[in-house]
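In what follows, chains carry the letters A, B, and so on, assigned in the order in which the sequence lines appear, proteins first and then strands, with residues in each chain numbered from 1.
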Protein chains: 2
Amino acid sequence: MTSLARGLEVMGTLSQSDSELKMPEISKQTNLSRAVVRRCLYTLQELGYVESKPLGFRLLPKVLSLGQSYYGAKALPQIAQPFLEQVHLETGESCSLAILDGSEVIYIARSTSRRIMNVSLNIGSRLPAFCTSLGRALLAHLSPKELQNHLSKEKYRPLTANTITTISELTKAINQVAKDGYALVDQELEVGLRSLSVPVINQQGSVIAAMNVGVSASRISNARMLQNILPVLRNAGKLLGEQTSL
Amino acid sequence: MTSLARGLEVMGTLSQSDSELKMPEISKQTNLSRAVVRRCLYTLQELGYVESKPLGFRLLPKVLSLGQSYYGAKALPQIAQPFLEQVHLETGESCSLAILDGSEVIYIARSTSRRIMNVSLNIGSRLPAFCTSLGRALLAHLSPKELQNHLSKEKYRPLTANTITTISELTKAINQVAKDGYALVDQELEVGLRSLSVPVINQQGSVIAAMNVGVSASRISNARMLQNILPVLRNAGKLLGEQTSL
DNA sequence: TCATAATTGTTCGTTAAACGAACAGATTAA
DNA sequence: TTAATCTGTTCGTTTAACGAACAATTATGA
């Protein structure tokens with residue numbers, strides 16, 4: 001059903017943009033003809049998903065109600081929120097929960113501090129899995145075959161000087177995460193950003209999400225993260241996992 | 001573009017359901033033929049938005065990334081979260097932020113307590129505006145013409161014995177809210193649920209959202225809400241409004 | 001201010017994509 | 001095993017999406 005796919009592509013493009021987009025701009029980004037984009041936008045407008053403003057088109061809050069519930073979104077973030085806030089309170093740092101979708105992680109719940117540096121992160125945000133602690137914590141619990149499948153599909157650009165980009169090194173790092181039970185990633189995604197993650201394991205023993213604490217590299221050293229934050233994070237992740245059987 | 005609309009309808013149906021849905025079920029709920037539903041689901045599956053499970057189809061987390069950013073969703077919940085958590089801490093009650101979409105309110109940010117009664121509320125959730133404090137706080141700042149337009153479009157079923165359902169009484173209640181600067185709704189949505197809301201007004205003086213505290217009616221009286229919670233909520237709403245110029 | 005460009009909105013014959021009915025395979029229930 | 005239900009497939013028909021060309025509107029800039 002091509003027009004459904006195209007419409008969703010238009011929505012996706014709008015979703016990724018910070019500002020309103022004009023039709024030719026959307027047309028360019030999606031490689032769809034102007035007429036197609038026009039028809040999509042018209043339909044989406046009729047349905048209340050987008051709005052036409054002087055500066056272009058933008059999504060309306062109605063899109064939120066689509067994302068409201070994927071299977072489990074109802075339950076997990078709801079249950080997790082108090083744990084995230086607990087970690088936030090105890091450490092003073094922002095704490096998030098994420099799951100894996102293809103080669104990316106998606107944030108499904110957060111508790112953030114006021115002094116957050118990367119304001120653009122939000123529920124539903126995506127980041128590459130390979131260079132984030134959340135991603136590595138999640139990847140670490142795939143079978144070797146699945147892991148290689150994941151890793152071989154992607155091409156890895158270095159995002160900072162620290163970013164690991166070779167498959168062999170990545171495999172090594174991820175195996176280490178599996179052993180340790182946590183993932184510490186030091187400024188591989190962004191200079192100045194240090195992040196520690198643990199898997200959340202449910203009663204059946206499967207990894208259902210990963211929980212992390214992200215800090216400013218200048219404020220907290222790797223050693224202090226492992227000393228002060230890891231125990232708190234581990235405890236919260238464990239408690240959360242025990243509460244859910246999803 | 002009918003097939004886009006139909007696809008979104010299918011997504012919407014899946015989104016509202018608690019469990020997986022089979023094709024005939026979706027077909028019934030959407031009044032679309034099985035063949036159409038099949039094609040929609042096939043396309044959505046290809047795109048990674050839904051997944052076919054033994055028990056039926058369900059949405060995948062990818063839908064979250066659609067909802068990730070409507071214009072302002074990036075900014076406002078982000079800014080608001082600390083304020084919501086502050087209110088939550090000071091009052092011990094769950095605190096939410098919502099905006100108006102048609103005749104419904106949509107939650108865009110929350111800080112909840114562990115002992116939440118109504119677990120099904122989440123970011124992106126919708127409730128009727130007319131019988132919620134959030135809705136009334138938002139409706140109170142429409143122009144009289146817009147308000148009548150809104151009110152006249154809907155038919156009001158009583159959800160509890162307390163629910164106001166006549167347009168004249170609603171208008172009166174909403175005008176009172178405009179005067180008071182807060183909305184207190186006592187068990188009109190659900191027996192046992194009491195809710196207090198204030199508008200969030202930005203630097204330009206327009207209402208950009210409403211903030212509420214919801215409590216169990218058995219725990220906290222109306223008088224105590226106004227005495228203890230209203231000042232906290234008002235203060236937080238005011239501070240939040242001052243921070244944003246959206 | 002006017003002219004130019006850029007964006008949005010319309011129309012219409014063509015084409016392809018969506019349609020649905022009918023059938024076949026697979027899965028579940030009794 | 002037999003019904004019953006759900007999923008997947010095929011194919012001729014029809015409708016809805018297409019795109020090119022044109023018109024109207026709105027910005028941009030000299």
Peer 1: Establish, with yes or no, whether the OP1 or OP2 oxygen of C/dA18 is under 4.0 angstrom from a side-chain nitrogen or oxygen of B/Thr2.
Peer 2: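 No.
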Peer 1: To the nearest Å, how far apart are B/Lys22 NZ and C/dT28 C1'?
Peer 2: 8 Å
Peer 1: B/Thr163 side chain to B/Pro158 main-chain N or O, any donor-acceptor pair under 3.5 Å?
Peer 2: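 Flag not set: sc B/Thr163 to bb B/Pro158 has no pair under 3.5 Å.
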Peer 1: Considering only heavy atoms, which members of residues 24-41 of chain A lie under 4.0 Å from some atom of DNA chain D?
Peer 2: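 The stretch gives A/Ser33, A/Ala35, A/Val36, A/Arg39 as the residues lying under 4.0 Å from the strand, ordered by number.
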Peer 1: Could you measure the distance from the CG atom of A/Asp101 to the CD1 atom of A/Ile106? Nearest 0.5 Å is fine.
Peer 2: 4.0 Å
Peer 1: How many angstroms lie between atom OG of B/Ser3 and atom CE of B/Met1, to the nearest 0.5 angstrom?
Peer 2: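 Between B/Ser3 OG and B/Met1 CE, I get 6.5 Å after rounding to 0.5 Å.
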Peer 1: Using whole Å, what does the distance between atom P of nucleotide C/dT7 and atom CD of A/Glu20 come to?
Peer 2: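 For the pair A/Glu20 CD and C/dT7 P, the rounded distance is 15 Å.
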Peer 1: In whole Å, I'd like the distance from the CG atom of A/Leu55 to the C1' atom of C/dT8.
Peer 2: 15 Å
Peer 1: Would you say A/Glu25 and A/Glu20 make side-chain contact, with heavy atoms under 4.5 Å?
Peer 2: no
Peer 1: Rounded to whole angstroms, how far apart are CE on A/Met1 and C1' on D/dG8?
Peer 2: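 My rounded result for the distance is 16 Å.
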Peer 1: Heavy-atom nearest nucleotide on DNA chain C for A/Ser52 versus A/Arg6: which residue maps closer to 5'?
Peer 2: A/Ser52
Peer 1: Please tell me whether B/Thr30 and B/Glu9 have a donor and an acceptor in their side chains that are separated by less than 3.5 angstrom.
Peer 2: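 No, no side-chain donor-acceptor contact under 3.5 Å.
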Peer 1: Reckon A/Ser3 has a side-chain N or O less than 4.0 Å from the OP1 or OP2 of C/dA18?
Peer 2: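 Checking C/dA18 against A/Ser3, a side-chain N or O does come within under 4.0 Å of OP1 or OP2.
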Peer 1: Please state how far atom CG in A/Leu4 lies from atom P in D/dA17, giving the value in whole angstrom units.
Peer 2: 11 Å
Peer 1: Look only at the side chain of B/Ser15 and the backbone of A/Ser65, and say whether a donor-acceptor pair between them is shorter than 3.5 Å.
Peer 2: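 Flag set: sc B/Ser15 to bb A/Ser65 pair under 3.5 Å.
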Peer 1: Do the side chains of A/Leu97 and A/Leu240 get nearer than 4.5 Å, heavy atoms only?
Peer 2: yes
Peer 1: What's the shortest heavy-atom distance between A/Gly12 and B/Leu66, and which atoms?
Peer 2: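 Taking every non-hydrogen atom into account, N-CD2, 3.9 Å.
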Peer 1: Using the C1' atoms of five pairs at each end, what's the angle between the two axes of the helix from C/dT1-D/dA30 to C/dA30-D/dT1, to 10 degrees?
Peer 2: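 It works out to 60° between the end axes.
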Peer 1: Can you find a heavy atom in the side chain of B/Leu170 that is under 4.5 Å from one in the side chain of B/Leu151?
Peer 2: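 Result yes, sub-4.5 Å side-chain heavy-atom pair found.
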Peer 1: Calculate the interatomic distance between A/Tyr42 atom OH and D/dA16 atom P; express it in whole Å.
Peer 2: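 The answer, rounded to whole Å, is 14 Å.
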